[in-house]
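Working notes, beginning with the structure itself.
Since the model is a prediction, treat every value here as computed from it, not as a measurement. Just so it is clear: chains get the letters A, B, ... in the order the sequence lines come, proteins before strands, and each one is counted from 1.
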Amino acid sequence: MADPIISARALFKSFPSGDRRIEVLRGVDLDVSAGESVSIRGESGSGKSTLLNLFAALDAPDSGEIVWDGSATLAPRRRGALIGIVFQSFYLVPELDARANVLMPSRIAGKVDRESRARADALLAKVGLAERLHHLPNQLSGGERQRVALARALMNRPKLILADEPTGNLDEHTGEAVMELLLGLCAETSTALVLVTHNAVHAARTSRRVRLHDGRFVAVE
Amino acid sequence: MPWYLYLALKQLFPSGKRFPFFTAISVLSVALGVALLVLVLGVMGGFGAQIRRMIVDTQGDVQVRSSSFIEHPHKVLAEIEKVPGVAAATPFAEGVVMIENENKPAYPSIEGIDVNRIEKVIPLRKYIRAGSLDDLDDDSTILSYELADSIGAHLGSRIEVYTPLILEKLKRDEIVLPRVLKVVGILEIGHQQLDSSVMICTLRTMQDLYGLGNAVHGINIRLKPGVDADAAAARLNASFSADSGLRAKSWYEINKDFLWVLQLEKNMMLFIMLFVVLVAAFLTMSLLLVLVLKKTREIGLFAALGAERREVALCFCLQGVAVGVVGTAVGMVLGFTLLHFRNDAVELLTRFTGSKQVLERFYQFNQLPAHSDPRDIVIIILSAMLLSTLAGLVPALIASRMKPVDALRSE
């Protein structure tokens, strides 16, 4: 088996709540390799999003170790290159049009050129927004916004996509279409995917499914 | 272009929005502060420059006086004209007289001038409003226009002149008649104090009136262009023999205290007016703070996309800088436009309030002068830029210290 893109060992994470601490993660282990898609399900507050934040190095575990593509550290720039993130609430920059939003990861990496513009256009075309390049987020529907966010996540050719309930704000039909795109694009580019979702149907479409309960993976299928 | 600059500009000037409210208010506040500074310092500088010009116009660049009288002015003049940097020199005698016309008295300052030399040193001709300097002889005089008005004199009037010498003779019960001089010119310098109290006659007439013989009170000197007045005065002093009693002073040295007060007044005005820009900077800061709160989730997003903390800080700090740059530029244009139309504005204002006379009497000038010192402009630009940058710095630091995960979770 290929080296994992992300490897987590014995992750613990707790948060203060009044005069005590709530343990959200209690020893989570997970390896995800290139081309693999893993869904994480669990009740609200089970620590799914916390785990994803640890995977994205947006937060640090209390203990445990994460190795990203062979390295135990993940500086911001490397995060931008290695990981693409899709949020439930899209988080598009309202002042930028669809194309500029997709170009943002590239711009932050300091690599905006003709090639990257062409890639942004191609990605938007791939998610069905070729005609909406210059539309601002407030001129797009929810599904279209999430598709822009999806294109943005793929912009820097990441090895790993972290998707946090990407269909949570969409109706069933639109959610289905977005999920189709997400899985299809990841498979096409052999990009590893960690998908946090409540939706059992969407989870069923990933190559591996895990459930988070009481801070631990209780069932790995 | 780095992403933080790109985004800072996009947030200030978003695509598809003709009138970004936040930007307009921030830029306008800085612009108004800068315009006010340009206007106030321009007018203050104008007063200063006008006073300096008037001093140099009426006294020359350097003035030589003696501890008593200059008994042999022609000898001293020849000596002065040999000194490097001196373009021309003219002697003068001065005093105070009482004049009367149609039973209306006045007590002006009188100055006797050498009509053959005066124009080389003092541009008197340009201040003559009526009559001519060419008509001035030993039996005539030129009056400043408000002085002429106050005693009802006009061209051709014959005024009676009483001097302290005549009063001395009266004390000794001698019968003396006042000197009668014909008005051949009316002078307007543009300074109320001078325009209400100056009369000019020939040097010979003044020497007669004051019983000076051939003596004069001093010599006014015009320097060649670009010659430093203080340095020229020092050279002149070095050329005078120790026992001559002569001393040369530059126009700056003569009026040092007055000019210092003028400069102090201007500096105080700059200091006070900077608070206007400071208030504008606080407004920009509060607007940027609101923006940071509004953009909290985006700050988290930028981190998720690979941005460094300092870059997030720069993104907001640059918005302060951009507001400073645009606000200063707009303020400069606005300030200089207001400065250009200042006299029309004053005219309009005084026409409504009927206060033109009061303005002239109080401020001594009949036109609002303006002069913008490049140093002042540099200070205004730097201050506005610095304060706007500082205004952007506080929200920038707050943004950069946010934990990405907290920023993304914020409601």
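Within a 6.0 Å radius of CZ in F15(A), other residues, nucleotides and ligands contribute more than 12 heavy atoms. Applying the 6.0 Å contact sphere to NZ of K266(B) captures more than 12 heavy atoms from other residues, nucleotides or ligands. No more than 12 heavy atoms of other residues, nucleotides or ligands lie within 6.0 Å of NE2 in H340(B), so this atom counts as exposed by the packing criterion.
Once rounded to the nearest 0.5 Å, the distance linking CG of N156(A) with CG of L305(B) reads 8.5 Å. If you take CD on E311(B) and CZ on R77(A), they are separated by 4.0 Å, rounding to the nearest 0.5 Å. Atom CZ of R107(A) sits about 10.0 Å away from atom CG of L5(B), to the nearest 0.5 Å. Here the straight-line distance linking atom OH of Y6(B) with atom CD of E95(A) works out to 10.5 Å at 0.5 Å rounding. The structure places NZ of K10(B) at 6.5 Å from CG of D97(A), a figure rounded to the nearest 0.5 Å.
The shortest non-hydrogen separation linking A307(B) to P76(A) is O-CB, 3.5 Å.
For residues 18-27 of chain A, the set of pairs meeting the salt bridge (Lys or Arg N to Asp or Glu O under 4.0 Å) definition, not counting sequence neighbours, comprises E23(A)-R26(A), R26(A)-D214(A).
Both the backbone and the side chain of Q11(B) have a heavy atom closer than 4.5 Å to some heavy atom of chain A. Contacts between F302(B) and chain A at a heavy-atom distance below 4.5 Å involve backbone atoms as well as side-chain atoms. The part of S89(A) that comes within reach of chain B is its side chain, from C-beta onward, which places non-hydrogen atoms under 4.5 angstrom from that chain. Interface remark: P94(A) contributes backbone and side-chain atoms alike to the contact with chain B (heavy atom separation under 4.5 Å). If you measure heavy-atom distances from R152(A) to chain B, the contacts under 4.5 Å come from the side chain alone. Both the backbone and the side chain of I108(A) come within less than 4.5 Å of a heavy atom of chain B. The part of K403(B) that comes within reach of chain A is its side chain, from C-beta onward, which places non-hydrogen atoms under 4.5 angstrom from that chain.
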Starting from the C-alpha separation in whole Å, work towards a yes-or-no answer on side-chain contact (heavy atoms from CB on, under 4.5 Å) for E298(B) and Y91(A). CA-CA 7 Å; E298(B) 278 172 44; Y91(A) 294 157; over 6 Å; no
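Looking at heavy atoms from C-beta onward, V93(A) lies in side-chain contact with L301(B) at the 4.5 angstrom threshold. Within the 4.5 Å cutoff, side-chain heavy atoms of L96(A) are placed close to those of L7(B).
With hydrogens and angles ignored, the 3.5 Å screen pairs a side-chain donor or acceptor of R79(A) with a backbone N or O of A303(B).
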